[in-house]
Amino acid sequence: MRGFCLSVAMVLVLAAGQASAAGIDLSKPYGNKSGCINKNGQKVYAEDMLLLTDTDLITVASACTFTDKQAKLDGSLTIKAQCEAEGEDGQSPAEFTVKHSPKNAKKLVITDEDGNVMGEVSRCR
């Protein structure tokens, strides 16, 4: 009986972790102000542009297409991508982490594989 209760508890913990990880919904784009302005194509040039969609991460100098997304138990999303940088030929692999902002749960924070914060984005309207 004790083993059964432990199994049920483990399933509930895993389900709760997956539910919070599933909380990052990229079905609608996220961006900073200039990223959201450019969500339907380049309209303005801005050094700080950051746009996150279900399939891409776009900055002023690079465009990354996602190859894999993994929801983590802590609620974050790890994304592997192939990126093209402005002025360079070919693509290179990259990895990003997306998690809810500790200051505002409606915003997302994007960090690169070295842990550097690329920026904070909100759902585009």
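Just so you know, these numbers come straight off a predicted model, no measurement behind them.
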Quick one: do Tyr30 and Met118 end up in the same hydrophobic cluster if we chain Ile, Leu, Val, Met, Phe, Trp and Tyr together by side-chain heavy atoms under 4.5 Å apart? yes
Do Ser34 and Asp48 have side-chain atoms, one donor and one acceptor, less than 3.5 Å apart? yes
Can you confirm whether Asp112 sits close enough to Glu95 that some side-chain heavy atom of one is under 4.5 Å from a side-chain heavy atom of the other? no
How long is the gap from SG on Cys83 to CG on Leu57, to the nearest 0.5 Å? 7.0 Å
Say you draw a straight line from NZ of Lys39 to CE of Met49; how long is it, rounded to the nearest 0.5 Å? 14.0 Å
Could you state the interatomic distance from CD (Gln82) to CG (Asp56), rounded to the nearest 0.5 Å? 12.5 Å
Do Ser101 and Glu120 have side-chain N/O donor and acceptor atoms under 3.5 Å apart? yes
Closest heavy-atom pair, Ser122 versus Cys36, reported as atoms and distance to 0.1 Å, is O-SG, 4.1 Å
Within a reach of under 6.0 Å around CG of Asp114, are more than 12 heavy atoms found that belong to other residues, nucleotides or ligands? yes
Once you round to the nearest 0.5 Å, how far does NZ of Lys69 lie from OG1 of Thr78? 12.5 Å
Between His100 and Ala105 (side chain of the first, backbone of the second, donor and acceptor by atom type, cut-off under 3.5 Å), is there such a pair? yes
Ser76 OG to Ile24 CD1 distance, which is reported to the nearest 0.5 Å: 6.5 Å
Run the side chain to side chain contact (heavy atoms under 4.5 Å, CB included) check on Lys72 and Gln70 step by step: do they pass? CA-CA 6 Å; Lys72 300 296 181 183; Gln70 295 287 321; 4.3 Å; yes
Flag yes if Leu26 and Leu50 sit in one hydrophobic cluster, no otherwise; membership is Ile, Leu, Val, Met, Phe, Trp, Tyr, and two members link when side-chain heavy atoms are under 4.5 Å apart. yes
In Å and rounded to the nearest 0.5 Å, what is the CG to OG1 distance from Leu77 to Thr97? 8.5 Å
If you compare all heavy atoms of Leu52 against all heavy atoms of Leu108, which two are closest, and at what distance to 0.1 Å? CD2-CD1, 4.2 Å
Got Ile110 and Val117 here, is their nearest side-chain heavy-atom distance under 4.5 Å? no
Whether over 12 other heavy atoms sit under 6.0 Å from Lys33 NZ: no
For Lys80, is the NZ atom crowded, meaning more than 12 foreign heavy atoms sit under 6.0 Å from it? no
Do Ser27 and Asp54 have a side chain donor and acceptor closer than 3.5 Å? no
